[in-house]
*Asks:* 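I am attaching a structure below and will ask some questions about it afterwards.
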Amino acid sequence: MSLDPKDWNAFRKSAHAMLDASLDKMEASREGPVWKPVTETLAKSIREPLPAGPMDYADITQTLESLMPYGPGNIHPRFFGWVNGAGAPSNILAEIAGASMNVNAGSRNHVAPHIEQQVIRWMAEVMGMPKETSGLVVTGTSMATIVALKAARDFHQKKHENTNPDACMVGYASEQAHSCIGRAFDMLGICKDNLRKIPCNENFEMDIEALKAEIEKDRAFCHIPFAIIGSAGTVNTGAIDNLNAIADICEAQDLWFHVDGAFGATAILAKQAKERLSALSRVDSLAFDFHKWWQVNYDAGCVLIRDPLIHRQAFARRPEYLRGKERGLAGGDFWAVDYGPELSRGFRALKVWTHIKAHGIDAITDVVERNISQAQYLESLVNASPELEMLAPVPLNICCFRYKFDTGMNSKNNEIVLRLQENGIAAPSTTTLGEDLAIRVNITNHRTEQSDLDILVKAIIDIGGTLSSVNKA
Ligand SMILES: *Cc1c(COP(=O)(O)O)cnc(C)c1O
C-alpha cells in the first residue's frame with residue numbers, strides 16, 4: 001500500500017486548512033509576544049512512543065498548529081537577537097511547489113540546475129563578480145565557508161606540493177571573525193590553531209599592519225600562508241574590515257581572498273555601504289546568507305567562487321555509478337555534486353529564486369537601507385538618553401549599548417535582556433566587548449518600524465530603572 005492519501009479530498013481539505021493557518025500566522029506576525037517558552041504540557045506531549053499506526057490528517061493539521069506559537073520569534077518585528085532574518089510569505093509558495101516535486105538537486109538533468117545557476121548568476125552580478133563565477137546555494141554561511149576554504153586549500157596545496165611536506169598551511173582572520181571559520185579549518189584538517197586571529201583597531205576592524213607582521217612571521221618560520229578571510233559585517237558590531245587593503249595584500253602575496261559576508265555582503269545593495277563593500281568584486285570566494293538580510297526563509301546561504309575550474313577541481317570526483325551521459329536524465333552540464341560535499345540535496349534555490357522574483361531587487365535594497373537607518377536612529381535614541389551609553393560604533397545594522405548602573409553593570413544589563421525576552425516585549429541578545437556586556441540589537445528585519453525601536457528603548461529604561469532602585473533600597 002502506498003503512502004499516498006486514501007482519500008485525496010479529505011487530504012486536500014486538511015492541506016488547505018494548514019495553508020490557511022500558516023497564512024494567518026504570517027499575517028499576524030506583529031501580534032502577541034515576540035517569544036514564549038515551550039510549555040511543559042507541549043514538551044511532554046512530544047515525548048510519546050514511536051507511533052505504529054497512522055494519525056488522521058485533520059489531527060495532524062491541528063497538532064502542527066499547536067506547535068506554531070513556539071518558534072524562536074524571528075518573524076516578529078521586535079526580534080533583534082543574534083543575526084536572524086524575518087522570512088517572507090512569498091517563500092511559502094516555493095516551499096509548496098518544491099514539496100510536490102521532491103527534487104534532489106544534487107545531480108542530473110532537470111529544472112533545478114537551471115534555477116540554481118540563475119541564482120548564482122544574479123548573485124555574481126549583485127556582488128560585482130565576473131559572469132563566469134561559480135557557486136552553490138547551500139544551507140548557510142557555515143557550509144559556504146567550508147566549500148570555499150576547501151577550494152582555497154586544495155588550490156594552494158597543489159601549488160606547494162613540492163615544498164617541505166611538514167610545512168603547515170596558515171590563514172588569517174580578525175579576532176572578531178565568526179567561529180564558523182575556525183570550524184571550517186578544523187573540518188578541513190588544517191588545524192584551528194593555523195587560523196591566526198589578527199587583533200582589531202578601535203572600530204573592531206582587522207588591524208592591517210598587524211596582519212602584515214603576522215604573515216611575515218609565518219613566512220620566517222617556513223609556514224605556508226594561503227588565505228586571508230575578511231569580514232564584511234562582524235557578528236558582534238557589524239564591522240567591515242578594510243577589504244581593499246586585504247585584497248591588495250592577497251594580490252601582492254599570492255594569497256586566497258575569502259570574505260565572510262554572512263549578512264553584511266547584502267549591504268552592497270545599500271547606498272550607505274556600497275562603497276565600503278566595493279572590494280567584494282575582488283574576492284576569490286564569498287560566503288553569505290539568503291536567510292539573513294535577504295529575508296528568504298531558513299535555510300539558504302550561498303558560496304561564490306571566482307574561478308569555476310578551481311571550484312570544480314575541489315569536488316568533482318564522480319565514481320562510475322554517477323557518470324553523466326550525453327543525453328537523457330543523466331545528462332546536463334551542471335551537477336551540484338561536482339561543486340560541494342553533498343550528493344542528495346533539496347531544491348533550496350527555488351525559494352531564493354521565487355523570493356527575488358516576487359519582490360525584485362529594489363524592495364530588498366529598500367529593506368537593507370531602512371534597517372541601516374534604523375540602527376542609526378537607535379544610536380541617536382541611546383545618545384539622547386542619559387541612562388544609556390553606546391559601547392561600539394554603528395557601521396551597519398547592529399547597535400551595542402547598555403544601561404548605566406552604579407554597580408553590577410554586566411549582570412544587570414544581562415537581566416534587562418532576559419526580562420525583555422521573557423516578557424515578550426522584544427528579543428535583543430547580548431555580547432561582550434572587551435570586559436563589557438552589551439545589549440546587542442541587530443536589525444535584519446523587513447517588518448521593523450521606527451516605533452518598534454521607541455518601544456524597545458522605553459522598555460529598557462523602565463526595566464533598568466527598576467533594577468537601579470532595587471539596588472538603592
Ligand atoms: C550567521 C553568521 C555566520 C554563520 O552563518 P550560518 O548561516 O548561520 O551558517 C557566519 N558569519 C557571520 C558574520 C554570521 O553572522
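Sequence positions, counted from 1, serve as the residue numbers for this chain. Please read these numbers as outputs of a predicted model, since none were measured by experiment. Note that these values count all heavy atoms, side chains included, but never hydrogens, waters or copies made by symmetry.
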*Asks:* Minimum heavy-atom separation for S134 to I120, with atom names?
*Replies:*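 Heavy-atom minimum between the residues: C-CG2, 4.0 Å.
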*Asks:* Could you report the tightest heavy-atom contact between H355 and A88, atom names first, then the distance?
*Replies:*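 Where H355 meets A88 most closely, the heavy atoms are CE1-CB, 3.9 Å.
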*Asks:* For the residue pair Q253 and I215, establish whether any side-chain heavy-atom pair is separated by less than 4.5 Å.
*Replies:*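 SC-SC contact between Q253 and I215 confirmed.
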*Asks:* Just checking D4: does its CG atom have more than 12 heavy atoms from other residues, nucleotides or ligands closer to it than 6.0 angstrom?
*Replies:*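 Yes, enclosed.
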*Asks:* Any side-chain donor-acceptor pair under 3.5 Å between T444 and N442?
*Replies:*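 Note: T444 and N442 side chains meet the donor-acceptor criterion.
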*Asks:* Considering only heavy atoms from C-beta outward, does the side chain of T141 approach that of H178 to under 4.5 Å?
*Replies:*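 No, every pair of side-chain atoms sits at 4.5 Å or beyond.
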*Asks:* Taking the basic N atoms (NZ, or NE/NH1/NH2) and the acidic carboxylate oxygens, is any pair closer than 4.0 Å for K212 and E209?
*Replies:*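 Yes, this pair counts.
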*Asks:* Does E125 CD have over 12 foreign heavy atoms under 6.0 Å away?
*Replies:*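 No, the 6.0 Å shell around CD holds no more than 12 heavy atoms from other groups.
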*Asks:* Do other residues, nucleotides or ligands put more than 12 heavy atoms under 6.0 Å from the CE atom of M187?
*Replies:*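 For M187, atom CE is not crowded (no more than 12 foreign heavy atoms under 6.0 Å).
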*Asks:* Using modelled atom types only, decide if a donor and an acceptor are shared between the side chain of N84 and the backbone of N74 within a distance under 3.5 Å.
*Replies:*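 Not at all, since once roles are kept as given, no pair shorter than 3.5 Å links the two residues.
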*Asks:* Take R219 and E216 through the salt bridge (Lys or Arg N to Asp or Glu O under 4.0 Å) test and state the conclusion after the steps.
*Replies:* CA-CA 5 Å; R219 291 206 195 278; E216 236 170 81; over 6 Å; no
*Asks:* For atom CZ of R327, decide whether the heavy atoms of other residues, nucleotides or ligands shown that lie under 6.0 angstrom number more than 12.
*Replies:*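 Counting other residues, nucleotides and ligands, CZ of R327 stays at 12 neighbours or fewer.
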*Asks:* Think K292 forms a cation-pi with W294, using NZ or CZ under 6.0 Å from the six-ring centre and within 45 degrees of its axis?
*Replies:*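 Judged by the rule (NZ or CZ under 6.0 Å from the ring centre, within 45° of its axis), K292 is not positioned above W294.
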*Asks:* Quick one: pull up OG1 in T139 and OH in Y298 and give me the separation to the nearest 0.5 Å.
*Replies:*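 T139 OG1 to Y298 OH: 12.0 Å, rounded to 0.5 Å.
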*Asks:* Out of curiosity, C302 SG to F288 CZ, how far, rounded to the nearest 0.5 Å?
*Replies:*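 Here the rounded value is 3.5 Å.
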*Asks:* Grab the two heavy atoms, one from N203 and one from N201, that are nearest each other, plus how far apart they are.
*Replies:*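 Where N203 meets N201 most closely, the heavy atoms are N-OD1, 2.8 Å.
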*Asks:* With no hydrogens and no angle check, do the side chains of N236 and T431 hold a donor and an acceptor under 3.5 Å apart?
*Replies:*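 The criterion, which ignores hydrogens and geometry beyond distance, is satisfied for T431 and N236.
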*Asks:* Could you grab the distance from atom CD1 of I310 to atom CZ of F155, nearest 0.5 Å is fine?
*Replies:*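 Rounded to the nearest 0.5 Å, the CD1-CZ separation comes out at 4.0 Å.
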*Asks:* Applying the side-chain contact (heavy atoms from CB on, under 4.5 Å) criterion to S231, which one of T234, I229, V235 satisfies it?
*Replies:*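 With S231 as partner, side-chain contact (heavy atoms from CB on, under 4.5 Å) holds for just one option, T234.
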*Asks:* Nearest 0.5 Å, what's the CG-CE distance between D284 and M129?
*Replies:*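 CE of M129 is found 8.0 Å from CG of D284.
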*Asks:* Run the numbers on F257 and E251 for side chain to side chain contact (heavy atoms under 4.5 Å, CB included), then give the verdict.
*Replies:* CA-CA 8 Å; F257 179 29; E251 231 166 71; over 6 Å; no
*Asks:* For residues N371 and N445, is any side-chain donor paired with an opposing acceptor at under 3.5 Å?
*Replies:*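 Distance-only check fails for N371 and N445.
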*Asks:* Do P393 and F204 touch side chain to side chain, with heavy atoms closer than 4.5 Å?
*Replies:*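 P393 reaches F204 side chain to side chain.
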*Asks:* Between R30 and D452 (salt bridge meaning N to carboxylate O under 4.0 Å), is one present in this structure?
*Replies:*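 The answer is yes: the pair qualifies as a salt bridge.
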*Asks:* Side-chain contact, heavy-atom cut-off 4.5 Å: R153 with I190?
*Replies:*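 Yes - at least one pair of side-chain heavy atoms lies under 4.5 Å apart.
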*Asks:* Looking only at atom types and distance, does a side-chain atom of R402 sit under 3.5 Å from a main-chain N or O of N413, one as donor and one as acceptor?
*Replies:*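 Checked: no pair found.
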*Asks:* In terms of heavy-atom contacts, does CD of E161 have more than 12 from other residues, nucleotides or ligands at under 6.0 Å?
*Replies:*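 Atom CD in E161 is crowded, with more than 12 foreign heavy atoms closer than 6.0 Å.
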*Asks:* Return yes if some donor-acceptor pair links the side-chain N/O of Q421 with the main-chain N/O of P428 below 3.5 Å, else return no.
*Replies:*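 Judged by distance alone, yes, a pair lies under 3.5 Å.
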*Asks:* Are F79 and R447 packed together at the side-chain level, in the sense that at least one heavy-atom pair is separated by less than 4.5 angstrom?
*Replies:*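 Answer no - side chains too far apart.
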*Asks:* Scan L211, L243, I240 and name whichever one has a side-chain contact (heavy atoms from CB on, under 4.5 Å) with M206.
*Replies:*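 When L211, L243, I240 are each tested with M206, the side-chain contact (heavy atoms from CB on, under 4.5 Å) holds only for L211.
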*Asks:* Do R370 and D366 sit within salt-bridge range, that is, some charged N less than 4.0 Å from a carboxylate O?
*Replies:*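 Answer for the salt bridge query: yes.
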*Asks:* Rounded to the nearest 0.5 Å, what's the gap from CD1 on I228 to SG on C250? Could you check?
*Replies:*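 It comes to 3.5 Å.
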*Asks:* Examine the side chains of T448 and R78 and answer whether a donor and an acceptor come within less than 3.5 Å of each other.
*Replies:*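 No.
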*Asks:* Under 3.5 Å, is there a donor on one side chain and an acceptor on the other for R276 and N242?
*Replies:*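 No donor-acceptor contact under 3.5 Å links the two side chains.
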*Asks:* So does I398 get a backbone contact from the side chain of R440, meaning a donor-acceptor N/O pair under 3.5 Å?
*Replies:*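 No, R440 side chain to I398 backbone: no donor-acceptor pair under 3.5 Å.
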*Asks:* Please say whether more than 12 non-hydrogen atoms of neighbouring residues, nucleotides or ligands are located less than 6.0 Å from NZ in K25.
*Replies:*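 Yes, because the 6.0 Å sphere around NZ of K25 holds more than 12 heavy atoms from other groups.
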*Asks:* Sequence neighbours excluded, which residues qualify as ring pair (Phe, Tyr, Trp, His ring centres under 6.0 Å) partners of H311?
*Replies:*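 Ring pair (Phe, Tyr, Trp, His ring centres under 6.0 Å) check on H311 returns Y339.
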*Asks:* Could you measure the distance from the CD atom of E275 to the CG atom of N244? Nearest 0.5 Å is fine.
*Replies:*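 Output value for this atom pair is 8.5 Å.
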*Asks:* Go through the side-chain N and O atoms of S373 and Q272 and say whether any donor and acceptor fall under 3.5 Å apart.
*Replies:*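 Per modelled atom types, S373 and Q272 side chains form a pair under 3.5 Å.
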*Asks:* Have D218 and Y172 got a donor and an acceptor in their side chains that come within less than 3.5 Å?
*Replies:*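 Yes, Y172 and D218 have a side-chain donor paired with an acceptor closer than 3.5 Å.
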*Asks:* Under the criterion side chain to side chain contact (heavy atoms under 4.5 Å, CB included), I'd like the reasoning laid out for L19 against I96: C-alpha separation, chi angles, the key distance, then a yes or no.
*Replies:* CA-CA 10 Å; L19 177 61; I96 291 173; 3.9 Å; yes
*Asks:* When you measure from the side chain of H223 to the backbone N and O of A220, does any donor-acceptor pair fall under 3.5 Å?
*Replies:*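 No; zero donor-acceptor contacts below 3.5 Å.
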*Asks:* Looking at every heavy atom in both S29 and I75, which two are closest together, and how far apart are they?
*Replies:*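 Between these two residues, the closest heavy atoms are CB-O, 3.4 Å.
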*Asks:* Hey, does F263 have a side-chain heavy atom less than 4.5 Å from the side chain of D289?
*Replies:*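 SC-SC contact between D289 and F263 ruled out.
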*Asks:* For a quick check under 3.5 Å, do N91 and E95 share a side-chain donor-acceptor pair by atom type?
*Replies:*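 There is no such pair between these side chains.
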*Asks:* Can any side-chain N or O of T430 pair as donor or acceptor with the backbone N or O of I439 at less than 3.5 Å?
*Replies:*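 Absent.
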*Asks:* With no hydrogens and no angle check, do the side chains of S90 and H359 hold a donor and an acceptor under 3.5 Å apart?
*Replies:*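 Indeed, the side chains of S90 and H359 share at least one donor-acceptor pair under 3.5 Å.
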*Asks:* What's the verdict on side chain to side chain contact (heavy atoms under 4.5 Å, CB included) for L136 and E116, showing C-alpha distance, side-chain angles and the deciding distance?
*Replies:* CA-CA 7 Å; L136 284 181; E116 182 159 8; 3.6 Å; yes
*Asks:* Is the closest side-chain heavy-atom distance between W353 and V137 below 4.5 Å?
*Replies:*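 Answer no - side chains too far apart.
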*Asks:* Identify the heavy atoms of P130 and A124 that sit nearest to each other, and give their distance.
*Replies:*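 Between these two residues, the closest heavy atoms are O-CB, 3.7 Å.
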*Asks:* Are any of the side-chain nitrogens in K159 or D254 under 4.0 Å away from the carboxylate oxygens of its partner?
*Replies:*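 Looking at D254 together with K159, the answer is yes, because their closest N to O distance falls below 4.0 Å.
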*Asks:* One pair to check against side chain to side chain contact (heavy atoms under 4.5 Å, CB included): T63 and I60. What are the steps and the verdict?
*Replies:* CA-CA 5 Å; T63 306; I60 290 277; 5.7 Å; no
*Asks:* Determine the minimum heavy-atom distance between K274 and L269, stating which atoms define it.
*Replies:*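 Smallest heavy-atom distance, with atoms named: NZ-O, 3.4 Å.
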*Asks:* Side-chain donor-acceptor pair under 3.5 Å between S285 and H258, yes or no?
*Replies:*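 Looking only at side-chain atoms, H258 and S285 do form a donor-acceptor pair, the distance falling under 3.5 Å.
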*Asks:* Any side-chain to backbone donor/acceptor pair from K351 onto V296? Under 3.5 Å, distance only.
*Replies:*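 It does not hold such a pair.
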*Asks:* Below 4.5 Å, heavy atoms only, C-beta onward: do E205 and Q176 meet side chain to side chain?
*Replies:*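 A side-chain contact under 4.5 Å is absent here.
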*Asks:* May I ask you to decide if D193's main-chain N or O and R196's side chain share a donor-acceptor pair within less than 3.5 Å?
*Replies:*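 Yes; at least one donor-acceptor contact below 3.5 Å.
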